[in-house]
Amino acid sequence: MAIVQPLETNGTGRRFSVASPQTGKRLGEVDITSPAEVRAAVARARAAQPAWEKLGFDARAKYMWRALELLLAKQEQYMDVIIGETGRSRPETIMMEIFPACDSLSYYAKHSKKILADRKVSPHLLKTKKILISYRALGVVGIITPWNGPFILALNPAVQALMAGNTVVIKPSDVTPFSGKLVADLFAAAGLPKDVLTIVEGDGETGGALVDAGVNKISFTGSVRTGRKVGEACGRNLIPCTLELGGKDPMIVCEDADMERAVGGAVFGGFMNAGQFCCSTERVYVVDSIAEEFTRRVVDKVKALKLGSSGEFDIGPMIWPQQLETIERHVEDARAKGAKILCGGRRAREIGDLFYEPTVLTDVTHDMAIMREETFGPILPIVRVKDDREALGLANDSVYGLSATVWSRDDDRAISLAKQIDSGSVCINDSSITYGAIEAPFGGRKTSGVGQVNGETGLRGYAFAVPIVIERFNLKEEAVWFPYTEAKGKMLQKIMRWVWGTPLGRIFG
Ligand code: NAD
């Protein structure tokens, strides 16, 4: 069952069709934007950028508020498109896509002006100067997005880039092109000036063309494999990028954890979006003394999850066959190496071609692919550990470092563990909700990414901080200007001796 299928075009450019992962029914056809058209889109975005930046924050925010009103009004229509392409349940679509999109539009409309306002910095040493940090837009931002959050992962960076005064060109995943296009539809309906936000459609070739099309920054979300290529291309083009990549998030359950909450959190963290979530819980480390009860209760809860494609259900399909193949490879490798499958462990063909039963495994070890590679499916491997220390060692034994969770009734203990985990973020007593906590900078460590998005840090990443250094006294000349004399050198040495060589100097220096 192919979700994305190339079509014959009689040499008039490339074209593909997209099908629903729920039903296999064709959803529509898309013309691939050629590299020349991508360059033209970026050139138009560049021409539109100065006027957009000049509008100022208040005027730009008005477009965000208008888009928010429209999204609230048309959310059912938008959800139909997203659900058609992803197969998710409606409540999950509201939670993962529409709710955070509304929050993003509102938060950045409200706060961008303050976050990007000129800042005065008082120099610690050069007391005759004043420093003003002024934020300028970068220019044109290219946004490349994956299929697993096809609307929000395009909208949220776009809102930040736009509010910072950039124009934007988005390349959505070819698996979910219509959900990505909704972002352009929304802003067009909100009356955004022409060429301020453009969508280009296609696959890796189109994404590659966008990176090379003269943009001033790339905001990329996707796999580690593609992220490396994008990072290399950005390096070649000498443009900044954020790379939001894959993960293998660990969950540490301490013996004093609230059992009910930890069990619920493990199931939600592992199976939300059918496990196709960058911050899915993909490894659970639970302390021996509570492992038996924890595992039994997790399995009971997982067995109660409802797979489906209509009515009320919890777990939808995998997005496409490639995803199922990875899951099967990981489960079979684990099974062959001695893992016990407590529930699931097979496709659910009776529901549809792309469904996999929610699966819980124990007796897993770090020599299994399921503990080392990103699975991105409804699979929860549980490992028993002696204590927090062993859990921490195993949690950090990964090339990934996107997010993590710690479960304990003792905040100090949990915070101490959180600070020792090598990941971009950590949640205590909750599944990974950092991306939804919009003020929190979000990004990965190790192979999980480069840079951060969201909040002050993310928004400032869409701008260039220009320091303006202002002389306060305007004397006729500075003591270090030409001509150089021995006396000037000696004067500097005297200052150094006093500033860094005396206790009083160190206080003031
Ligand atoms: P992917 O890397 O296959 O594709 C991502 C995007 O990159 C798509 O739009 C694709 O067309 C484009 N692309 C492919 N080759 C390219 C190239 N050479 N140059 C430029 N663009 C190119 O990822 P995917 O399968 O769509 O998404 C799933 C992955 O995304 C998972 O690994 C998941 O963990 C990750 N993800 C990370 C985050 C995060 O915030 N860290 C969020 C969501 C998903």
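Just follow the structure's listing: the first ligand is 1, and inside any ligand the first atom is 1. Numbers here are sequence positions counted from 1. Quick caveat, the model's predicted, so the values are computed rather than measured.
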Quickly, which of Val364, Val253, Val360 forms a side chain to side chain contact (heavy atoms under 4.5 Å, CB included) with Ile382? Name it, please. Val360
Under-4.0 Å heavy-atom contact with ligand 1, by part of Phe220 that carries it: side chain
Filtering Ile218, Asn454, Thr226 for the heavy atom nearest atom 22 (C) of ligand 1 leaves Thr226
Test of proximity, Ile144 against ligand 1: N or O pairs below 3.5 Å: no
Are Trp147 and Phe376 an aromatic pair by the rule of ring centers under 6.0 Å? yes
Heavy-atom proximity to atom 37 (C) of ligand 1, picking from Val230, Leu245, Ile319, points to Leu245
Please list, in number order, the atoms of ligand 1 under 4.0 Å from a heavy atom of Cys278. 34 (O), 36 (N), 37 (C), 38 (C), 39 (C), 40 (O), 42 (C), 43 (C), 44 (C)
Parallel, tilted or perpendicular, judged at 30° and 60°: which one describes the rings of Tyr285 and His366? tilted
Heavy-atom nearest option to atom 19 (N) of ligand 1, drawn from Gly246, Gly208, Gly227: Gly208
For Lys171, the ligand 1 atoms with a heavy-atom partner under 4.0 Å come out as 8 (C), 9 (O), 10 (C), 11 (O)
With a 4.0 Å cut-off on N to O distance, would you call Asp397 and Arg372 a salt bridge? yes
Is it the side chain, the backbone, both or neither of Ala233 that has a heavy atom closer than 4.0 Å to ligand 1? neither
With a 4.0 Å heavy-atom cut-off (strictly under), which part of Glu374 contacts ligand 1: side chain, backbone, both or neither? side chain
Would you say ligand 1 has an N or O under 3.5 Å from any N or O of Ser223? yes
Quick note on ligand 1: atoms under 4.0 Å from a heavy atom of Phe442 include exactly 40 (O)
To check your reading of the model: name the closest protein heavy atom to atom 28 (C) of ligand 1, its residue, and the distance in Å. Phe376 CE2, 4.0 Å
Is there a polar contact between ligand 1 and Thr145, counting only N or O atoms under 3.5 Å apart? yes
Any nitrogen or oxygen of Gly222, main chain or side chain, under 3.5 Å from a nitrogen or oxygen of ligand 1? yes
Closer than 3.5 angstrom, by distance alone: can the side chain of Glu244 be matched with the main-chain N or O of Gly444 as a donor-acceptor pair? no
Test of proximity, Trp147 against ligand 1: N or O pairs below 3.5 Å: yes
